[in-house]
Engineer: 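Submitted below is the structure of interest, expressed as C-alpha cells.
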Amino acid sequence: MTSASRALGLVLVALSALAWSLAGLFTRVIPLDSWTILAWRGIFAALGLALVVAIMERGRTLRVFLDMGAAGWSFVAVSGLGTVFFITSLKETTVAHVAVVYATIPFVAALLAWLALGERPRRSAIIASATALIGIVIMIGINNEGTIHGDLLAFGMTLCMAVLMVIVRRSPDIAIMPAACISALASALVCWPIAAAPLSVAGPDLLMLALFGLLVSAVGLAFFTLGARLLPPVETALLGSLDAPLAPLWIWLFFSEMPGGSTIAGGTVVFAAVLAYVAAEAARADPVLAQRQEPSTE
C-alpha cells in the first residue's frame, strides 16, 4: 500500500464519518414524523446508491443486483431494520445517547462473532466491553435526559449493525452497495403506508430529505466502502467511530443543547474503552509496535 492510497483511504473514511454524523441533525431539523422521514430518506438514498453502483459497475449494474445471493438479501433485511431503529431512536432519545450506545458496536460485534463464527474474543475486548457497559449504566441509570425506549431502539440499531458486520465477515464477497440500495428502497416501501401524508411534503422539507438520503446515506456509504479498501481494518474502525462524538457536537452547535453531566461522564467512559480497544488491536496488528509494547525480559 502506497502512502498516497493510504492517505486517500484516511480522507474517504473520515468524510464518511462526517456524513454519517449529520443524521441526528437532519432528524432534528426536519419537522416530520419518523415514518415520513424514513420513507423519503429511503427513496433518495436508493436513487443515490443506484447511481453510485451504475458508475462503479458500468455494464454490470443489473448483474450485481441479481447476483447478491442469500447473504446479500440477509444484509438487505437487517440493514432495513437497523435504519428503522436508528431514525426512530433519534426521535425518542437524545442524539448524545444514540451516539454513545452506537459506540459500543465493536464489542457487540465481537460477541456476535464469538456466538456465530466461533471467534473467541480476546481479553482486551472483554475488559473493554465491561468498561463500556459501566459507561452505559452511568449514562442511562443516573439521569433522565434520554428515554429507556429510545435507548433500547438505539441498541437495536447497534445490534443490527453488528449483525451486518458478521454477515460481511462470513461472506466477504457480498455486494454491499447494491444490497444497501435495495435495503433503502425496501424501507421506503414499508414505511410509506405508515407515514403521515408523505405526498404533502414539499419545499424546504423535501430538499432536506433529499440531502439526508443522498449525503448521509449514499455519499457516506460510498466513501466508506471505497476508503475501507485502502486501509487496515483497525484504522477503518477508528476513523469510522468519529461519527459518535461528532453527532452530539452538531446538536450543540445548532440547538445549543449541551449533554447532561451523566451523559458526558458515561460517554467518556465508553469512548475511552473503545479507543483503548482499538489501540490494543492496532498494536497487535503492527508487529513492530507490538514488540515495543512487550515488557522487557532483560
Side-chain angles (χ1 to χ4, degrees), residues 1-2 4-27 37-38 40-69 71-80 82-83 86-87 102 105 157 160-161 164-165 167-169 171-188 207-233 235-244 246-247 250:
M1 181 190 303
T2 64
S5 63
R6 180 175 178 274
L8 178 60
L10 291 171
V11 171
L12 288 174
V13 175
L15 288 176
S16 73
L18 177 62
W20 286 338
S21 71
L22 296 172
L25 180 61
F26 275 111
T27 305
I37 293 176
L38 280 163
W40 279 110
R41 169 257 168 209
I43 291 173
F44 287 115
L47 291 174
L49 288 168
L51 178 61
V52 172
V53 173
I55 294 174
M56 294 177 62
E57 301 296 338
R58 298 180 182 178
R60 298 182 60 255
T61 302
L62 181 59
R63 176 54 55 188
V64 295
F65 280 101
L66 296 177
D67 292 344
M68 289 198 307
W73 287 106
S74 298
F75 188 101
V76 169
V78 177
S79 176
T83 299
F86 180 47
I87 301 300
Y102 182 66
I105 191 170
M157 176 267 296
C160 287
M161 295 303 104
L164 291 181
M165 291 182 179
I167 292 175
V168 173
R169 183 66 176 271
S171 305
D173 58 341
I174 189 174
I176 295 179
M177 299 293 286
C181 177
I182 295 178
S183 174
L185 181 59
S187 66
L207 175 60
M208 294 300 293
L209 287 166
L211 289 174
F212 190 2
L214 294 173
L215 179 61
V216 177
S217 301
V219 174
L221 181 59
F223 280 175
F224 182 82
T225 302
L226 293 173
R229 296 175 179 176
L230 303 174
L231 294 176
E235 292 187 8
T236 302
L238 178 59
L239 284 172
S241 65
L242 286 175
D243 67 314
L246 285 175
W250 304 132

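All residue numbers refer to positions in the sequence shown, counting from 1.
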Engineer: Answer yes or no: is there a donor N or O on one side and an acceptor on the other, between the side chain of Thr61 and the main chain of Glu57, under 3.5 Å?
Structural biologist: no
Engineer: Is a side-chain N or O of Trp20 found less than 3.5 angstrom from the main chain of Val216, in a donor-acceptor match?
Structural biologist: yes
Engineer: If you compare all heavy atoms of Ser21 against all heavy atoms of Leu246, which two are closest, and at what distance to 0.1 Å?
Structural biologist: CB-CB, 3.6 Å
Engineer: May I have the step-by-step check of side chain to side chain contact (heavy atoms under 4.5 Å, CB included) for Met56 and Leu226, ending in yes or no?
Structural biologist: CA-CA 10 Å; Met56 294 177 62; Leu226 293 173; 4.0 Å; yes
Engineer: Nearest heavy-atom pair of Gly220 and Ser16: which atoms, and what distance?
Structural biologist: O-CB, 3.2 Å
Engineer: Any donor-acceptor pair under 3.5 Å linking the side chain of Ser217 with the backbone of Leu214?
Structural biologist: no
Engineer: Might you point out which heavy atoms bring Ala175 and Val64 nearest each other, and give the distance in Å?
Structural biologist: CB-O, 4.5 Å
Engineer: Starting at CZ of Phe223, measure out to CG of Leu8 and round the result to the nearest 0.5 Å.
Structural biologist: 9.5 Å
Engineer: Considering only heavy atoms from C-beta outward, does the side chain of Ser183 approach that of Leu185 to under 4.5 Å?
Structural biologist: no
Engineer: Taking C-beta and beyond as the side chain, do Leu15 and Phe224 meet within less than 4.5 Å on heavy atoms?
Structural biologist: no
Engineer: For Ser187 and Arg41, work out which heavy atoms get closest and say how close.
Structural biologist: OG-NH1, 4.0 Å
Engineer: Would Leu22 and Phe212 count as a side chain to side chain contact (heavy atoms under 4.5 Å, CB included) if you check the C-alpha gap in whole Å, the side-chain angles of each, and the deciding distance to 0.1 Å?
Structural biologist: CA-CA 8 Å; Leu22 296 172; Phe212 190 2; over 6 Å; no
Engineer: In Å and rounded to the nearest 0.5 Å, what is the CE to CD1 distance from Met68 to Ile176?
Structural biologist: 12.0 Å
Engineer: In Å and rounded to the nearest 0.5 Å, what is the CD1 to CE distance from Ile105 to Met165?
Structural biologist: 3.5 Å
Engineer: Below 4.5 Å, heavy atoms only, C-beta onward: do Phe65 and Val53 meet side chain to side chain?
Structural biologist: yes
Engineer: Atom CZ in Phe86, atom CG in Leu38: separation rounded to 0.5 Å?
Structural biologist: 10.5 Å
Engineer: Compare every heavy atom of Ala180 with every heavy atom of Phe75, then report the nearest pair and how far apart it is.
Structural biologist: CE2-N, 4.1 Å
Engineer: Take Leu215 and Phe44, measure what side chain to side chain contact (heavy atoms under 4.5 Å, CB included) needs, and give me the verdict at the end.
Structural biologist: CA-CA 9 Å; Leu215 179 61; Phe44 287 115; over 6 Å; no
Engineer: Using 0.5 Å steps for rounding, measure from the CZ atom of Phe26 to the CE atom of Met208.
Structural biologist: 4.5 Å
Engineer: Can you tell me how far apart CG (Leu62) and CG (Leu66) are? Round to the nearest 0.5 Å.
Structural biologist: 4.5 Å
Engineer: What pairs with Ser74 under side-chain hydrogen bond (donor to acceptor under 3.5 Å, both in side chains), at least two apart in sequence or on another chain?
Structural biologist: none
Engineer: Side chains of Leu18 and Asp243: closer than 4.5 Å at any heavy-atom pair?
Structural biologist: no
Engineer: Could you work out, with side-chain hydrogen bond (donor to acceptor under 3.5 Å, both in side chains) as the rule, every residue matching Thr27, not counting sequence neighbours?
Structural biologist: none
Engineer: Mind listing the closest non-hydrogen atom pair of Ala218 and Ala45 along with its distance?
Structural biologist: CB-O, 4.2 Å
Engineer: According to the salt bridge (Lys or Arg N to Asp or Glu O under 4.0 Å) rule, which pairs have a member within residues 214-226, sequence neighbours left out?
Structural biologist: none
Engineer: Leu221 versus Met177: any side-chain heavy-atom pair under 4.5 Å?
Structural biologist: yes
